[in-house]
Amino acid sequence: MRGRFGIGLIGALALAPWATAQVAPTEAPALAKRYVADGTVPGIVITYAKGDAPLKVIAEGRIANEPTARAADADSLWRVYSMTKPITGIAAMILIEEGKIKLDQPISDFIPAFKNMKVLVDPAKDLTSRPATHPITVRNLLTHTAGLGYNIITKGPLLDEYNRLGINPAAVSVSFEAQARATRPATLEEFADRVATLPLIAEPGSKWSYSIGLDVLGRVIEVASGMPFDTFVNTRIFAPLKMRESYWTVPADKVASFATDYAVVGGNRIALDPGATSVWLKPPSFPYGGAGLVMSARDYDRFLHMLVNGGELDGARILKPETVALAMSNLLPAGVDQSILDDMTRDTGVPMGFGAGGSVYLAARPGGQGKGTFGWGGAAGTIAWADPVNKVRGVGMINLLLADTALKREVGRAVYADLAR
């Protein structure tokens, strides 16, 4: 399971919100119908809007295979996995705006265990390390440049240490959880402190490498804010934006709306985590800032609408316009090696950067996303972006773990093709 999870997620990321090359234009309704008709997924929801126009909702199929399952709609619940990262990023930006965190502040000011980090000399060989010459900063956590690993990507001896110490901040299925929880830290504080005992794969600020940075940032947020990380997100983002279908743990009265998560094994689609008995029905070890949320398409749209509006929605202001602009700008450290990011996003045909937990277009794509488009995708096939230049936002929801589909490439093209008409 672990091997398939790691390899597949890299593939899923390569099909992130920006990837649109070699896909014929198609209308979003036809796209949704095709994904259900050809058996790729039992159900799908696509939402999009331009400016303050009414939200367009395209829904096909059901949230599970069973004929009694509810029809997919804008309020169906989906595992958004890494689409949690931009939300964690914006939570940090709230504290930056309030002066409780500084973008280039060492995280050891909040988590002392990170004071004296070490860097691997040869990550492929062994755990021999040297003292780091730069501290890990808040910017590094936001942009995956802290030198931290991820057990879905990291290899070699360091991966063994991540697994030994339970550095696995994700929920997958009941059976996976039974194994993971045996070694995973019980609290976010313990998680961060354990991470700090391990060497880094690169000098902080020197290399973009997908990581647990947003999970560690959750601990920074709770220390700086003086409240639990999930409470901060709930009270400072979800409540004011009236995001009422966003959960760290799915409530019992919402189970009927919760999609089943599938995986393709041997060419067959199997139920990996049925909604009715899901691992997400019980509280996680701690709130995972990198992959911890279950959300509806309507709720995620409200988050994006706030960003496109410059930090405000329906009278609720989350951030100042200048702070939103900063969050959605390229925050990568100067001179960083971003070859891995470039490989993942080369399909765009435009240069890419990274902002507060999500990727950033550094140029416009003709006929598509504008310069400054900010967003990210999730391991179960979800996708979302906010395009502040064109005032467009879009969400695509399915739950097919490590889906090797073209959906993430196709949704963006379909949305802009529809809007062009």
Side-chain angles (χ1 to χ4, degrees), residues 79-96 98 100-101 105-115 117 135-144 146-152 154 161-172 176-177 179-198 200 210-239 246-250 279-295 356-357:
R79 300 154 189 78
V80 299
Y81 280 114
S82 286
M83 274 166 45
T84 304
K85 289 177 170 69
I87 293 174
T88 300
I90 293 302
M93 296 305 296
I94 293 173
L95 294 171
I96 288 173
E98 293 177 347
K100 295 177 181 178
I101 294 176
Q105 186 172 6
I107 66 169
S108 59
D109 288 355
F110 308 95
I111 313 173
F114 280 95
K115 183 68 173 179
M117 296 302 293
I136 297 175
T137 65
V138 173
R139 181 192 299 270
N140 297 149
L141 294 182
L142 285 168
T143 61
H144 300 294
L148 296 171
Y150 220 159
N151 81 337
I152 54 176
T154 300
E161 287 299 287
Y162 269 61
N163 290 334
R164 181 180 69 83
L165 293 178
I167 308 303
N168 179 22
V172 178
F176 182 88
E177 186 66 11
Q179 300 174 37
R181 194 168 288 231
T183 56
R184 188 190 294 127
T187 66
L188 186 50
E189 178 181 11
E190 184 184 358
F191 167 80
D193 285 345
R194 281 196 200 180
V195 171
T197 67
L198 298 174
L200 305 173
Y210 204 47
S211 72
I212 56 171
L214 277 299
D215 295 288
V216 174
L217 186 60
R219 175 58 182 164
V220 173
I221 289 169
E222 68 180 16
V223 173
S225 67
M227 68 177 75
F229 166 57
D230 50 349
T231 301
F232 184 83
V233 173
N234 293 346
T235 58
R236 298 300 301 273
I237 298 178
F238 294 164
S246 298
Y247 304 106
W248 305 94
T249 303
V250 176
V279 64
W280 299 81
L281 304 184
K282 295 181 179 179
S285 299
F286 50 87
Y288 310 136
L293 286 168
V294 166
M295 301 177 66

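- Atom CG of L148 is separated from atom CE of M117 by 6.5 Å, given to the nearest 0.5 angstrom.
- With sequence neighbours left out, T197 forms a side chain to side chain contact (heavy atoms under 4.5 Å, CB included) with L165.
- Summarising the geometry, atom OG1 belonging to T154 is positioned 12.5 Å from atom OH belonging to Y210; distances are rounded to the nearest 0.5 Å.
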Begin from the C-alpha positions of R236 and E98 and carry the test salt bridge (charged side-chain N to carboxylate O under 4.0 Å, His left out) through to its verdict.
CA-CA 12 Å; R236 298 300 301 273; E98 293 177 347; 2.6 Å; yes
Dump the intermediate steps for side chain to side chain contact (heavy atoms under 4.5 Å, CB included) on N163 and T183, then the final yes or no.
CA-CA 8 Å; N163 290 334; T183 56; over 6 Å; no
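- A pairwise comparison of heavy atoms in P169 and A291 identifies O-CB, 4.3 Å as the closest pair.
- By the salt bridge (Lys or Arg N to Asp or Glu O under 4.0 Å) test, E189 is found to be paired with R219, residues two or more places apart in sequence or in another chain being considered.
- Nearest heavy atoms, S285 versus P185: CB-O, 3.6 Å.
- The closest side-chain heavy-atom distance from Q105 to R139 is not below 4.5 Å.
- With sequence neighbours excluded, the residues forming a ring-ring contact (aromatic ring centres under 6.0 Å, His included) with F286 are F191, Y288, listed by chain and number.
- Looking at residues two or more places apart in sequence or on another chain, you find no side chain to side chain donor-acceptor pair (under 3.5 Å) involving S225.
- Put simply, the side chain of F110 reaches to within 4.5 Å of the side chain of I101, judged on heavy atoms.
- The shortest distance between side-chain heavy atoms of Y162 and I212 falls below 4.5 Å.
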Residues V279, F176; criterion side chain to side chain contact (heavy atoms under 4.5 Å, CB included); working and verdict:
CA-CA 9 Å; V279 64; F176 182 88; over 6 Å; no
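- Sorted by first then second residue, the salt bridge (Lys or Arg N to Asp or Glu O under 4.0 Å) pairs that include residues 281-293, not counting sequence neighbours, number zero.
- For S246, the side chain to side chain contact (heavy atoms under 4.5 Å, CB included) partners are F238, M243, M295, D299, not counting sequence neighbours.
- With rounding to the nearest 0.5 angstrom, the CZ atom of R79 is 14.5 Å from the OG atom of S82.
- Within the 4.5 Å cutoff, no side-chain heavy atoms of L281 are placed close to those of T249.
- Evaluation of the side chain to side chain contact (heavy atoms under 4.5 Å, CB included) rule for T84 yields V80, T88, W248, L293 as partners, not counting sequence neighbours.
- Closest of all the heavy-atom pairs between A171 and Y81 is O-OH, 2.6 Å.
- I111 CD1 to L217 CG: the interatomic distance, rounded to the nearest 0.5 Å, is 8.5 Å.
- With values rounded to the nearest 0.5 angstrom, I136 atom CD1 is found 6.5 Å from L141 atom CG.
- For Y247, the side chain to side chain donor-acceptor pair (under 3.5 Å) test picks out E245, with sequence neighbours left out.
- The side chain to side chain donor-acceptor pair (under 3.5 Å) test applied to N140 returns T137, T145, not counting sequence neighbours.
- Residue R181 comes nearest to P283 through the heavy atom pair NH2-O, 3.0 Å, listed as atom of the first residue, atom of the second, then distance.
- Minimum interatomic distance between I221 and A91 (heavy atoms only, all atoms of both residues): CD1-CB, 3.9 Å.
- Looking at residues two or more places apart in sequence or on another chain, you find a side chain to side chain contact (heavy atoms under 4.5 Å, CB included) between R164 and E161.
- The heavy-atom pair separating Y150 from G290 by the smallest distance is OH-O, 4.4 Å.
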Run the numbers on E222 and F232 for side chain to side chain contact (heavy atoms under 4.5 Å, CB included), then give the verdict.
CA-CA 7 Å; E222 68 180 16; F232 184 83; over 6 Å; no
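- Taking CG from D215 and NZ from K85, the interatomic distance works out to 6.0 Å, rounded to the nearest 0.5 Å.
- Here the side chains of E177 and V172 are not in contact, with every heavy-atom distance at 4.5 Å or above.
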